[in-house]
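The structure under discussion appears below in the form of structure tokens.
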Amino acid sequence: MLIFDADDTLWENNVIYERVIDEFLEWMTAPGLDPAGVRAVLDGIEAANAVTLGYGSKGFLHSLGQCVAQLRGRATTAAESARIAGWAAAFAGDRVELMPGVAGTLAELARRHELLLLTKGDTEEQQRKVTASGLTGHFRGVHIVAEKNTATYEELLRAYDLVPAATWMIGNSPKSDILPARSAGLNAVFIPHRHTWVLEHGALDPADKKVLRLSAFGELLRHF
């Protein structure tokens, strides 16, 4: 069984957030406030909000508003709130940009193995992207969860009666895809993405032989 992450593994995602953040930093940077300082404040707010608000554009936009209020020491004005709300359009639409090689590689892998999709975030938002991808026919099941932790993977193992040693989690996030999957006894494939969200970073054990490191999605066909 091959289990696939979605955002930044099958299709581009965080780059959209980074484009908005670039515009936000340009807007917020003022004398005494350098972009790195503003970004550090935003990262802290996002980390705290992820616990209660989960993941996705709604929580992100809420965090931008909180960041403005914290940096300026007052509530956001109507104009500021409207500017933040305007960024919602960046996350709307019914199209996703597949990563290079994903369509053909998944089609071939689906002929050889059983596949599952496991993604976290706002259910409606993630389902929209899953549907827009046109990839659902390759998967035995699609699972949208609030968080990916060891318990999430253990539950998936039970649901499909999977053997951990014969199951692989494939993704770009050490924090959500690799480390908790390994903790649950699964093998893992790490395909890094240069725009992986900073809060998804994590240290992987270079001596862990159960983690396969690839540089591109299409390389999966050499191993599975």
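None of the values given here were measured: they were computed from a predicted structure. Heads up: numbering here begins at 1 and tracks the sequence.
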pair [X]-[Y]: side-chain heavy atoms closer than 4.5 Å:
X	Y	result
W27	I84	yes
L179	R182	no
S57	E125	yes

Under a 3.5 Å cutoff, is there a donor and acceptor pairing between the side chains of [X] and [Y]?
X	Y	value
H195	E12	no
E219	S215	yes
D7	Q126	yes

Scan residues 85-100 for pairs that pass side chain to side chain donor-acceptor pair (under 3.5 Å), counting only residues two or more places apart or in two chains.
-> E23-W87
Pairs in or reaching into residues 143-154: which pass side chain to side chain donor-acceptor pair (under 3.5 Å), with residues at least two apart or in two chains?
->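 Listed once each, the pairs are D5-K148, Y55-E147, K120-E147, H143-Y160, K148-D177, N149-T152, T150-S183.
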Within 45° cone and under 6.0 Å: R128 NZ/CZ vs W11 ring =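 That pair does not qualify as a cation-pi contact.
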Which atom pair, heavy atoms only, marks the closest approach of [X] to [Y]?
X	Y	result
E46	F60	OE2-CD1, 3.3 Å
D122	K58	OD1-NZ, 4.1 Å
S173	S176	OG-N, 3.0 Å
P206	R213	CA-NH2, 3.9 Å
I45	C67	CD1-CA, 3.5 Å
V20	A90	CG2-CB, 4.0 Å

Please step through side chain to side chain contact (heavy atoms under 4.5 Å, CB included) for the pair D8 and V15, ending with a clear verdict.
-> CA-CA 9 Å; D8 295 320; V15 67; 5.7 Å; no
Rounded to the nearest 0.5 Å, how far apart are CG of L162 and CD1 of I3?
-> 6.0 Å
What is the distance from atom CG of L115 to atom CE of M1, rounded to the nearest 0.5 Å?
->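 Going from the CG atom of L115 to the CE atom of M1 covers 8.0 Å.
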Between D205 and V211, does a side chain to side chain contact (heavy atoms under 4.5 Å, CB included) hold up when you go through it step by step?
-> CA-CA 9 Å; D205 181 0; V211 177; over 6 Å; no
Please find out if less than 6.0 Å separates the ring center of F217 from that of F4.
->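 For F217 and F4, the ring centres are under 6.0 Å apart.
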Applying side chain to side chain contact (heavy atoms under 4.5 Å, CB included), run through L61 and L64 and close with a yes or a no.
-> CA-CA 5 Å; L61 295 174; L64 293 184; 4.1 Å; yes
Steps toward side chain to side chain contact (heavy atoms under 4.5 Å, CB included) verdict (H193, N14) | CA-CA 9 Å; H193 189 295; N14 199 53; over 6 Å; no
Group every Ile, Leu, Val, Met, Phe, Trp and Tyr by side-chain heavy-atom contacts under 4.5 Å, then state whether V142 and L98 land in the same group.
->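 Per the 4.5 Å side-chain linkage, V142 and L98 are co-clustered.
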State whether the number of non-hydrogen atoms from other residues, nucleotides or ligands found under 6.0 Å of R74 atom CZ is greater than 12.
-> yes
Evaluate the ring planes of F224 and W168, with Trp represented by its six-membered ring, and classify them as parallel (under 30°), tilted (30 to 60°) or perpendicular (over 60°).
->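 Rings of F224 and W168: perpendicular, over 60°.
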